[in-house]
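Per chain, numbering begins at 1; letters A, B, ... match sequence-line order.
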Amino acid sequence: MARQIQSIERAAAILKLLSSGQRRLGVVELAQYMGLPKGTVHGILVTLTHIGFVEQDRATGKYQLGATVLRLGNSYLDGNELRNISINWADALAARSREAVQIGTRHDGGALIVHHVFRPDDSLQSLEVGTVLPLHSTALGKVLLAFGAEELDDVLTMPLERSASRTTVSSRDLEIELGDIRTGGWAGEVNELVDGQAAIAAPIRDRDFVVGSIGIRGAVERLCEPDLSLRRGLVTFVLDAATAISRELATPSPNHP
Amino acid sequence: MGNERFIAAIDQGTTSSRCIVFDARGGIVSVAQKEHKQIFPQPGWVEHDAVEIWKNVQEVVQAAISDAKLGVADIASIGITNQRETTVVWDKLTGEPVFNAIVWQDTRTADLVRELGSPVGPERFRERTGLPLATYFSGPKLLWLLENVEGLRDRADRGEVLFGTMDTWLIWNLTGGADGGRHVTDVTNASRTILMNLRELKWDETILQRMNIPAAVLPEIVSSSEVYGMATGALAGVPVAGALGDQHAALFGQTAFAKGDVKSTYGTGSFLLLNTGDEPVQSKHGLLSTVAYKIGDAPAVYALEGSIAVTGALVQWLRDRLGIISKASEIETLAATVDDNGGCYFVPAFSGLFAPYWRSDARGVIAGLTGYITKAHIARAVLEASAWQTREVVDAMQADTGIAMTELKVDGGMTANNLLMQILADALDLTVIRPMVAETTCLGAAYAAGLAVGFWDSVDDLKANWHRGAQWEPVVDPSRRAREYRQWKKAVQRTLNWVEGEGADDPSR
């Protein structure tokens, strides 16, 4: 068994103390409980405060659990739950855009499709729920990369695989594009996953965290202007749907217990 | 919004009233919703305040129209869909209800229903009405009011009071109330009174006599899609032009217009309706015969209905009572961790079995337990229970009609559960289709109201609005399907004869 790291054990002990009993404790009390010098405990508290795990009450100077640590246990959003909450908005997006709708979440270095609404033209289509799309060559995936920095390095260390004529294969180009996506709030994809296909996606947020992406996918000639720029009206539809779902996630409705 | 016009659909449900504004493509423009009080005066009794419901309906209609940034002039017509069988009687001159509305779930008429059936039994009026005598239906509830509200019988005989289900109550109030409001009921709601002759679509004189119900209190039976009257008040001038009971509206919203079309709505319980064309089919397998819809002067279209008491409610039970899951959607995540049920079957006969068994003496079982079974197997068995119960109703429908189904149209909250939809396709050996607009109940009411004013020209226009949102094909090996269905039926047998002293075949339970 590897050696235990003492400072982490001590930080965890502080969090445990703050999560039980009176929940608001001063440095002196914490030091007494733990049998440690005040300075040691204070140093740990400063670090925990810096990362948002602990907050200091301004009036009393006492410490309590921070919002970040409270959210840790809840921030994981099940894909099935996301589908449940999104289903009506995804239907509405398909109806307005007349294109197929997909919702993606991060999964094993890819974008897992957790919901799919057929393009409303009654052509033969099959359900793609469960398929994992590459992150760098899809609008759904690029949104997840742009707004969830922790996987960026993993992707950029592996060679970016080309699957179509306009796939981004240079990590520098991808980084620039992700910056644009963060600024613009949405991602586009034209001839990048499959030639002839285009897609638009936007982030779904659970308060601060991006938990998924929603977008439409269809033929380049329907989604794009003649100059291959994505049609603004469709982008607005996608952004509207993403905003509506994010709002629903932020305020749990009685319909989704 | 220019010249574009819209339809407002009111969904007066058991727990809330909603209004959805639809555009010409059947797309949702806005939604407003308000819950109302559930009143439980004693065990088995459930009431609503009809005045509160009327107030809420006015509020949600206003809210939905203003949320869509529309004015009354933009609304081409109003349609209504409603909780079925809930019964209200009110004063013709003041519009004041004489008693709270008695809700469909209310069982206060259990004894009354037994008396009415004797000595023939609950099947007494089935030939005429398509229904067995049971506590749900509104006729016995009306009779209870006549016998238990002081002075009501005399007032009814003098023609001072009016009876209606929620469609009737809302249409009367919308079209002017005491000041000239129309006293009508749509034929689908009328078919749930057990007072209407199913073939003639008229109040059945013989039954009215046997039940001692004065014809003067009854509304005029009208079609599901015609202009009943013009709204007054805040909605002045908008035609009130469509009404359908909720399950009938869902069938209509699914555009299940062809004989053999079948839909299943998955809520806390589930309702399957099969379009049987222009002839009512008398069920020999525990299903109800009902009117599917009637568009204006066109002949009525009939349906067979099968209800399942517990489907979504079993998932809630797992969450709230056992705590195996913390959110309803987790059932799918948990069940997907195993490939099969491990031999475990869950028959949720919590208050007996509905169609096609109608056994009030049955109680729930989990069968086939071994040390191998985990909570994931139980989660899977829970989902399979919805599928096998659907299969049994579908089998009864095929046995009654000889219609060979090829697909099942689904709607309701549980259709968000992909695994359940796949299990359903596998259990039924049918294609399962979810439409793009899952709000089929409201949509059906909107369609009826829109057809009546020429907003849509024909049912073909409506069919063009219907699009599949998702589709599941059966993939399971036929021998596995057959073996699991056999096991399910064995599990069902183990639920029977549990409650002592309660007989079989009592559809009122």
Please list, in residue-number order, every residue in residues 460-473 of chain B that has a heavy atom less than 4.5 Å from any heavy atom of chain A; write 'none' if there are none.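 The residues closer than 4.5 Å to chain A, in numerical order, are B/Trp466, B/His467, B/Arg468, B/Gly469, B/Ala470, B/Gln471, B/Trp472.
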
Going by atom types alone, do B/Thr390 and B/Tyr266 pair a side-chain donor with an acceptor below 3.5 Å?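 Yes - a donor-acceptor pair under 3.5 Å links their side chains.
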
Residues B/Ser30 and B/Asp67: side-chain donor-acceptor under 3.5 angstrom: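 The criterion, which ignores hydrogens and geometry beyond distance, is not satisfied for B/Asp67 and B/Ser30.
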
At a heavy-atom distance under 4.5 Å, which candidate from A/Leu127, A/Val114, A/Val101 has the highest pair count against chain B?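 The option with the most such pairs is A/Leu127.
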
A/Ala95, part contacting chain B, at a heavy-atom distance under 4.5 Å: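 A/Ala95 touches chain B through backbone and side-chain heavy atoms alike.
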
Salt bridge or not for B/Arg25 and B/Asp23, using N-O below 4.0 Å?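 Salt bridge flag = no for B/Asp23 with B/Arg25.
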
Charged tip of A/Arg205 within 45° of A/Phe147 ring normal and under 6.0 Å: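 Yes, cation above the ring, under 6.0 Å and within 45°.
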
Under the side chain to side chain donor-acceptor pair (under 3.5 Å) rule, collect the residues that match up with B/Thr374, sequence neighbours excluded.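 Per chain and number, B/Thr374 pairs via side chain to side chain donor-acceptor pair (under 3.5 Å) with B/His377.
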
Check the surroundings of atom CD in A/Glu9: do more than 12 heavy atoms from other residues, nucleotides or ligands lie under 6.0 Å from it?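 More than 12 heavy atoms, drawn from other residues, nucleotides or ligands, come within 6.0 Å of this atom.
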
So does A/Leu140 get a backbone contact from the side chain of A/Glu189, meaning a donor-acceptor N/O pair under 3.5 Å?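 Not at all, since once roles are kept as given, no pair shorter than 3.5 Å links the two residues.
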
